[in-house]
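Notes follow the structure.
What's counted below: heavy atoms across the whole structure, side chains too, no hydrogens, waters or symmetry copies. All figures in this text were calculated on a predicted structure; none of them were measured in a lab.
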There are 2 protein chains.
Amino acid sequence: MARPEDPTARERILDAAHPLFYERGIRAVGMAEVVAAAGTGKQALYRHFPGKDELVLAYLERFAELLDASTARTLDGLEGADGLRALIRLVERRVGARGYAGCPFRNYLREMRDPRDRPGRFALRQVRALRRLVERYAAEAGVADPGALAEEVWLIVEGVYAGAPYPERRAMAAAAVGRVDALLI
Amino acid sequence: MARPEDPTARERILDAAHPLFYERGIRAVGMAEVVAAAGTGKQALYRHFPGKDELVLAYLERFAELLDASTARTLDGLEGADGLRALIRLVERRVGARGYAGCPFRNYLREMRDPRDRPGRFALRQVRALRRLVERYAAEAGVADPGALAEEVWLIVEGVYAGAPYPERRAMAAAAVGRVDALLI
DNA sequence: TCCATGACGGACCGATCGGTCCGAAATATG
DNA sequence: CATATTTCGGACCGATCGGTCCGTCATGGA
């Protein structure tokens, strides 16, 4: 080979695509811009990713790994009401972080109006995995109607994510923590 | 004139555009498709609307008139806690309706990732008008912290709208009614 | 030193979209 | 019937995007 094969090329591309896709949206960012930001050639990008869908899927998957790991760390060992309390605080912390631009999976689903492509199916799976987590904790919480509790907590979680783009997102997240705590008294 | 001026042409175009834009989204529907559905010519469309943005704005404005009128009818004469209770039930009724595809203003804002164009500003104004209504009712409700009550109700409203695309939207809306009622006991 | 390998950057292609223009048809007027 | 005017449908234009292709150049081994 003329140049040493760069095993980090794929990661470099994803590193470059990540902030572009997250901050400006998938549709607004063209492949040319990703290439320019990655400092690589178009050929290299299309060798690692057959098309834009695959690049978007990889972006979402890497995002999911990060979020899932952080979620697992935060909720480790918790169950029932404690799990729900910790979960809503985790969501609050995320939404309140500087530069937060919404849940990437919900962003993709809304930007594309319920896509059935692979990135869309993956994003939907991520959302529903969080919902199942809420249902599991609700089932362990020892309340009379776990299904109703899960529905109420989920409603609040969705409300926080929906409010993430607005200036009052921190107030909404704080209200969410208060509501979940009140539910679990 | 060769043919009689059709005063309803503008309405016919909007009638045709409405279900297309609402069910499939703004980006996914091209002007050619609107023309075909309206049964008119492209010239006629561009005579009534200088560009797609103006057509979209007119679509949102007409939608807003419909929703605002229905809202005013439903909430007529109510105030304070009664207003909030009636409002969340109105949202529940809307989200539960057959063929409901989400709040058109939130749909536009998400599909376009916070647009600053005229349709985007109008959509944001509609959303914030509903929020101000919640704040007004909360202020009249005679609670210790009206701001916190408004935040909590708003969180629930946003949660219902965010859950509108999911199959469990009716359960979420029902949970929302229960939560607001519980807040106001 | 020379050459083979492969990456880089950009030109290029086809499709799509918003928006404009033009020929044809249809109608009102003399 | 003839003509002027207006409308309709579609061809057309320019821009943009995803994706491919190619000329050039850097690099490392024989």
Under the side-chain hydrogen bond (donor to acceptor under 3.5 Å, both in side chains) test, residues paired with Arg118(B) that sit two or more places apart: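 side-chain hydrogen bond (donor to acceptor under 3.5 Å, both in side chains) list for Arg118(B), sorted by chain: empty.
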Residue-level proximity of residues 18-40 of chain B to DNA chain D when a heavy atom falls under 4.0 Å: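 Those residues whose heavy atoms fall under 4.0 Å from DNA chain D, taken from residues 18-40 of chain B in numerical order, are Thr40(B).
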Phosphate OP1/OP2 of dG18(C): any Lys52(B) side-chain N/O under 4.0 Å: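 So the side-chain polar atoms of Lys52(B) do come within 4.0 Å of the phosphate oxygens OP1 or OP2 of dG18(C), strictly under.
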Sole candidate of Leu183(B), Leu184(B), Val177(B) that passes side chain to side chain contact (heavy atoms under 4.5 Å, CB included) when paired with Ile88(B):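 Of the listed residues Leu183(B), Leu184(B), Val177(B), the side chain to side chain contact (heavy atoms under 4.5 Å, CB included) partner of Ile88(B) is Val177(B).
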Residues which pass ring pair (Phe, Tyr, Trp, His ring centres under 6.0 Å) with Phe21(B), listed by chain and number, not counting sequence neighbours: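 Expected list: Tyr59(B).
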Sidechain N-carboxylate O distance under 4.0 Å for Glu158(A), Arg106(A):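 A salt bridge is present here (some side-chain N lies under 4.0 Å from a carboxylate O).
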Side-chain ion pair, Arg128(A) and Glu168(B), N-O less than 4.0 Å: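 Yes, Arg128(A) and Glu168(B) are salt-bridged.
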Whole-Å distance between [N] [atom2] and [X] [atom1]?
X	N	atom1	atom2	value
Arg47(A)	dT20(D)	CZ	C1'	13 Å
Asp117(B)	dG18(C)	CG	P	14 Å
Leu45(A)	dC17(D)	CG	P	16 Å

Nearest listed nucleotide, side chain of Tyr46(A), among dG18(D), dT7(D), dT20(C):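 Looking only at heavy atoms from C-beta outward on Tyr46(A), the closest nucleotide is dG18(D).
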Presence of donor-acceptor pair under 3.5 Å, side chain of Lys42(B) and base of dG19(C):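 Pair found.
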Residues that Gln126(A) engages under side-chain contact (heavy atoms from CB on, under 4.5 Å), provided they are two or more places apart: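 With sequence neighbours excluded, Gln126(A) shows a side-chain contact (heavy atoms from CB on, under 4.5 Å) to Ala64(A), Asp68(A), Phe105(A), Phe122(A), given in chain and number order.
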side-chain contact (heavy atoms from CB on, under 4.5 Å) involving Asp15(B) - partner list, sequence neighbours excluded: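 Result, side-chain contact (heavy atoms from CB on, under 4.5 Å) vs Asp15(B): Arg62(B).
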Side-chain donor or acceptor of Glu111(A) paired with backbone N/O of Gly25(A) under 3.5 Å: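 Not confirmed, Glu111(A) side chain does not pair with Gly25(A) backbone.
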Atom pairs under 3.5 Å: protein N/O with N/O of nucleotides 22-24 of chain D:
residue : atom : partner  : partner atom : Å
dC22(D) : N4   : Gln43(A) : NE2          : 2.2

